[in-house]
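Structure first, commentary second.
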Protein chains: 4
Amino acid sequence: MEGWEPAVVERDTSRDLTNRLRRIEGQVRGLARMVEQDAYCIDILTQVAAATRALQGVGLTLLDDHMHHCLADAARTGGTVQDSKIKEASDAIARLVRS
Amino acid sequence: MEGWEPAVVERDTSRDLTNRLRRIEGQVRGLARMVEQDAYCIDILTQVAAATRALQGVGLTLLDDHMHHCLADAARTGGTVQDSKIKEASDAIARLVRS
Amino acid sequence: MEGWEPAVVERDTSRDLTNRLRRIEGQVRGLARMVEQDAYCIDILTQVAAATRALQGVGLTLLDDHMHHCLADAARTGGTVQDSKIKEASDAIARLVRS
Amino acid sequence: MEGWEPAVVERDTSRDLTNRLRRIEGQVRGLARMVEQDAYCIDILTQVAAATRALQGVGLTLLDDHMHHCLADAARTGGTVQDSKIKEASDAIARLVRS
């Protein structure tokens, strides 16, 4: 795979993702507190669904970024680089869809 | 809904859930660090899927607990208490399935 | 589990579900046709997501109905009947959430 | 977007997908029959989860194929073709993840 450099998450996207992850971390900490304080199950479940959805949103942004950089570069390189990168992305998408 | 008391999450389950949520909080903090340190997208995505799955696991345990206590109590009370509690649970399940 | 009778899907719900399933069957047949006629991937994917969502909707209606009848009856019976029925429902919910 | 041709699903993949969709169509027809014959809710739910999972599998194969052809071609063209194709794919992935 010479000549091919794995692109990392872009600067702006990176800051946005870090902020979103900090918020999700706070949501999960809030969930632990709700459980400890015997909050009503359904209220906790509503927050669990919100945090799950926020995490999936982070996953979707990462994937979009990955396609713009790593996948696009790999496609321009072609051949086995392209094929192995697409396989890797497909597997990651399958894990997201099935999680 | 007189005579009906919303059951809270059981002691043992509560401790187990708090522990799992603390671990998930750590996973999400780790994700923010991975993004900051320019980890490879696909590796971050694998962790996002793992944290999402762990959160859904917490949701499923909460639901199971909720059915054992709140829903079972409501079913014994019957009538509108039962119906409103089942509607509430159905809505919570839909949010989990669709998140 | 003597004295406990598994309730089946209610008449009205049953007709509604059968109609929805017939429509989903038509959607899936349409999908096969789109693939055969070389429709654009993204258009096929949009229909796959719609059919998946419709199937999940059927699952959620079945679960709601199940809680109103089987689970409520089991809760009134109590004991091991209640516990085994809730375990069964929890497992079914987990399969829906994770599919 | 001159010079860019939307690739369609490959011949072999196409036959495989058509076969899988025919099977799913049969599964959905079987579900309607189970509902009509008052099968036990939980058994129907197990089949709903299986059909949902099979449909998601079709979606994942379509996405993989789409990345190998349309997305790779678009990346080699670059510019706005690449960007619009990746946006389209990201939106399709989001619909799958959230359905």
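Chain letters run A, B, ... following the sequence lines, proteins first and then strands; every chain starts at 1.
- Side-chain atoms of A:Thr52 and B:Gln56, non-hydrogen and from C-beta on, do get closer than 4.5 Å to each other.
- Ranking A:Asp91, A:Ile93, A:Thr46 against chain B, the residue ahead of the rest is A:Thr46, based on heavy-atom pairs under 4.5 Å.
- The OG1 atom of A:Thr18 lies 12.5 Å from the CE atom of B:Met34; values are rounded to the nearest 0.5 Å.
- Annotation: side-chain hydrogen bond (donor to acceptor under 3.5 Å, both in side chains) contacts of A:Arg76 (sequence neighbours excluded): A:Asp73, D:Gln82.
- The distance from the SG atom of B:Cys41 to the NE2 atom of A:His68 is 12.0 Å, given to the nearest 0.5 Å.
- Distance check, rounded to the nearest 0.5 Å: CD of B:Glu25 to CD1 of A:Ile24 gives 12.5 Å.
- Residues A:Leu55 and B:Leu31 form a side-chain contact, since some pair of their non-hydrogen atoms from C-beta on lies under 4.5 Å apart.
- The closest donor-acceptor contact from the side chain of A:Arg22 to the backbone of B:Arg29 lies at 3.5 Å or more, if one exists at all.
- Comparing A:Leu45, A:Asn19, A:Val58 by how many heavy-atom pairs each has under 4.5 Å with chain B, the most go to A:Leu45.
- Interface residue B:Ala51: backbone and side-chain heavy atoms are both found under 4.5 Å from chain A.
- Neither the backbone nor the side chain of B:Arg33 has a heavy atom closer than 4.5 Å to any heavy atom of chain A.
- For the set B:Arg95, B:Arg53, B:Gln27, the count of heavy-atom pairs under 4.5 angstrom toward chain A peaks at B:Arg95.
- Every residue meeting the side-chain hydrogen bond (donor to acceptor under 3.5 Å, both in side chains) condition with A:Thr61, not counting sequence neighbours, appears here in chain and number order: A:Arg20.
- Distance OG/B:Ser14 to CD/A:Gln37: 10.5 Å, rounded to 0.5 Å.
- Taking 4.5 Å as the limit, some side-chain heavy atom of A:Ile42 sits within range of a side-chain heavy atom of B:His66.
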